[in-house]
There are 2 protein chains.
Amino acid sequence: MGADGEGTKDRLRTEARDLYLEEGFAHFSLREVARRAGVSAAAVYRHYDGKEALFAEVCMAGLQLFYTYLVRAMGEPTPRSRLTATATQYLRFATENPRDYRVLFMGEPQELAVGKAAKQGPDPTFQFLIDRIRECMHARILQEGDALEVATIIWAHVHGLVSLRLSGHLSSAGDDGEFARFYERATEHLLSGLAA
Amino acid sequence: MGADGEGTKDRLRTEARDLYLEEGFAHFSLREVARRAGVSAAAVYRHYDGKEALFAEVCMAGLQLFYTYLVRAMGEPTPRSRLTATATQYLRFATENPRDYRVLFMGEPQELAVGKAAKQGPDPTFQFLIDRIRECMHARILQEGDALEVATIIWAHVHGLVSLRLSGHLSSAGDDGEFARFYERATEHLLSGLAA
DNA sequence: GTCTATAGGTGGATAGAC
DNA sequence: GTCTATCCACCTATAGAC
């Protein structure tokens, strides 16, 4: 609880995040983080156990940012609009924070393992989505049924579109604005198929 | 056209592929390939331009293998069954060759760039799928419309399921057999939604 | 075509002085 | 808490002998 607003530990955390966002996991190194923070590589070990612990901090920040997007969907008035807004915010997060999206949802088992330490517990994305779906089922907007299975289908739907886009396989879909409109059409299509 | 069945170049190619399948892109190195092939690292440069060229060979092999899966769908008798078989073979390929799937469809721009050299041209997956969909539209099994847009939706659907599975996010879906059945249900659901 | 030797670079992590 | 110095591992790539 020191009065210090910018201790070395905080500095390392923010520099680590910037480095990852700029260079990706492949070029993420403890030494470079230290360089940017203006300290020696050895100093890092006074604050973190090593490279993995440092990267876990990066993952944590990404996960928290993801929540700030999802939670905006709760500002919508109806169950239906909250569900569609969830999908919209999901795309917004991915578009505006592609590296974060990668590490959270497209990571290799390797990266994922270290990121998982930060997560601890079941995937929170999924629970939020299940809640939105249960809400819609209760309001008879979606057909009553296995909310978990429906949530998985919807998640896979948005993730499929987003991840193919981020990997460059859907560059034919135009710019971000055009893609967003296509994304909306596709999602509306799926939801109408899942309606009663 | 030499009578040699196993020249050093071939040896390097197969060892490179094995190494990638075992260790992934992160630990793929020219030196290790050379070690496994029983030659010095310098010898590799007599046969390939460098690490990138060697990895491009690996990508090529994965792409060709992918085709051998897709083409099996053509053995089905009807447009509808050819389309569903395409989805089934897509999952089979990914399940039986996860590393290949990763490098082809989940790669980072970095890996993708070098793989793209091997691909040259528009994504062949997509054309195969478009053909199956046009076939179904012509047979009135799918609603007539923008085949490209429908193909993108279906591709994103199967890719979303597959890639979340490969990333470990759908481990709750049980073993491969259980997941395959869920995958079939989900796909049937989507197709019925796309029918007239 | 293959080798050894080498140049020149990355990185993680630790020991011990201050 | 931070530093310097160090160790060790790994890598790509090239030069020149054989």
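Proteins come first, then strands; the chains are lettered A, B, ... in the order of their sequence lines, and each starts at number 1. These numbers come from a predicted model, not from an experiment.
- Taking atom CG of L30(B) as the reference point, atom C1' of dC10(D) lies 13 Å away to the nearest angstrom.
- Nearest-nucleotide mapping onto DNA chain D: of R31(A) and V39(A), the residue sitting toward the 5' end is V39(A).
- Of the candidates dG1(C), dG12(C), dC11(D), dG1(C) carries the atom nearest the R46(B) side chain, counting heavy atoms from C-beta on.
- Between the side chain of T68(B) and the backbone N or O of L65(B), at least one donor-acceptor pair lies under 3.5 Å.
- Here dA9(D) presents its C1' atom at 13 Å from NE2 of H27(B), a figure rounded to the nearest Å.
- Two rings, from F105(B) and F93(B), have their centers 6.0 Å or more apart.
- Following rounding to the nearest Å, R11(A) (CZ) and dG1(D) (C1') show an atom-to-atom distance of 16 Å.
- Residue contacts for S40(B): at a heavy-atom cut-off of 4.0 Å it reaches a base atom on one of the strands shown.
- With distances taken from any side-chain atom of A42(B) to the nucleotides dA15(C), dT14(D), dG1(D), the minimum falls on dT14(D).
- The CG atom of D49(A) sits 9 Å away from the P atom of dA13(C) (whole-angstrom rounding).
- In this structure, R35(B) atom CZ and dC10(D) atom P are separated by 7 Å, rounded to whole Å.
- Taking atom NZ of K51(A) as the reference point, atom C1' of dC10(D) lies 12 Å away to the nearest angstrom.
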